[in-house]
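The structure appears right after this line, and notes come after that.
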Number of protein chains: 2
Amino acid sequence: MTAALPQHPTKTQLLELVAALGTAQWQDFASAAARHGLTAVQAKLLGQLKGPVPMRGLATLLLCDASNVTGIVDRLEARGLVRREPDPADRRVKNVVATDEGREIIQRVRAEMQATHSALDALDEQERATLYALLERLRPGLERRA
Amino acid sequence: MTAALPQHPTKTQLLELVAALGTAQWQDFASAAARHGLTAVQAKLLGQLKGPVPMRGLATLLLCDASNVTGIVDRLEARGLVRREPDPADRRVKNVVATDEGREIIQRVRAEMQATHSALDALDEQERATLYALLERLRPGLERRA
DNA sequence: GTTGATGCTTGAGACCGTCAAGCAACTCGG
DNA sequence: CCGAGTTGCTTGACGGTCTCAAGCATCAAC
């Protein structure tokens, strides 16, 4: 008998569980990145580069000041994982592009997130679909800018 | 017609969704904390103090070096939100305790996480129970130390 | 063209995080 | 009891992350 099974968890319990899983996943990500000599923030920025993105766009994506992006890109560029390209339409803009090496590294980091992958393996296809649908419902509330 | 509805989202999609929600919640937490002059890390530490906790225990909880905890507790103590008490059983140990003001502030921060609360309001009791159960299944995989 | 907005960088300052080193106190074998 | 090893905490050095204010170049609009 599992008398402690919460049939109706409080919002607080759910909130704490989400927070705990979020930080656990972040740790997993950070340690995978560290194995390749990257910080979590650097890896996250690298992960946003599906195509050329202006510095300003990165600041918006990462919800931080533009001057912060300068430093992060500086360090990535020094390692050859990223390039700054002039924008043909607007000479103020610098577009950031991942190099081949950059793309390869971020792909490896994602693949090496062992804890996250093994956690998701605990669910079958159907359960994952249910979880995805529920989380998708949370998104609009969470991403609204206060 | 919603043809794009993923009946069976890939692990990658699910992973990215979890990551997005995790960082959104963290931002929410950080901005609630900032309204009270606290950083997210300070608020997180404060939230762990249900009773007296030794410095070493905090380092373990926060998955960081003990010397890091020293600085964070220093700043919280300077604001009077936390106290260091000697441990009666072991004179090496210093137990950290939240002051009344500290308890009050962390409670307010939690209550003021508007985005998170409104996100959870999008689900009814039954859905929350389902979500909780699914997330609980993810925990063992995620929290295993690699 | 002048005015104003926008994109990026720089510099100062605070916090977060690690590591190495150090001191105090505990523990345990002898 | 006593010395050896361990553990708990702090300090100092150093790098990364973040914000703010200031500055330069460029664009847009009148």
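Lettering of chains follows the sequences in order, A, B, ..., and the numbering in each one begins at 1.
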Protein-nucleotide distance (A/L61, atom CG; C/dG7, atom P), rounded to Å: 14 Å
Closest to side chain of A/T70, choosing from C/dT9, D/dT26, C/dG17: C/dT9
A/S67 (side chain) and D/dC20 (base): donor-acceptor pair under 3.5 Å: yes
Of the listed nucleotides D/dG16, C/dA25, C/dG17, the one nearest the side chain of B/I72: C/dG17
B/N68 CG to D/dA13 P, straight-line distance once rounded to whole Å: 18 Å
Value in whole Å for how far the C1' atom of C/dC15 lies from CG of B/L62: 15 Å
Polar side-chain contact B/T39-C/dC16 base: donor and acceptor under 3.5 Å: no
Selection from C/dT6, D/dG16, D/dC9 that lies nearest to any side-chain heavy atom of A/R92: C/dT6
Value in whole Å for how far the P atom of C/dC15 lies from CG of B/L76: 11 Å
Spacing between A/D74 atom CG and D/dG16 atom C1', to the nearest angstrom: 12 Å
Student check: side-chain heavy atoms of A/E112 and A/H117 closer than 4.5 Å: no
Non-hydrogen atoms of A/M55 and A/V96 that approach each other most closely: SD-CG2, 3.5 Å
Taking every non-hydrogen atom, the tightest pair across B/V93 and B/P54: CG1-CB, 3.6 Å
5' priority, DNA chain D, between A/V41 and A/A89 [closest heavy atom]: A/V41
C/dC26 phosphate, OP1 or OP2, under 4.0 Å from B/R91 side-chain N/O: yes
Validation row: A/V53, A/V97 side chains within 4.5 angstrom (heavy atoms): no
Distance below 4.0 Å between A/R84 side-chain N/O and C/dT9 OP1 or OP2: yes
Atom-pair distance (CZ on A/R75; C1' on D/dC14), nearest Å: 13 Å
Nearest-Å distance for atom pair NZ/C1', residues A/K94 and D/dC24: 11 Å
Residue met sooner reading DNA chain D from 5', once A/A40 and B/P54 are mapped to nucleotides: B/P54
Contact summary for A/F29 and A/K44, nearest pair of heavy atoms: CZ-N, 3.8 Å
Separation of D/dC14 C1' from B/D65 CG (nearest whole Å): 14 Å
C/dC8 phosphate, OP1 or OP2, under 4.0 Å from A/R56 side-chain N/O: no
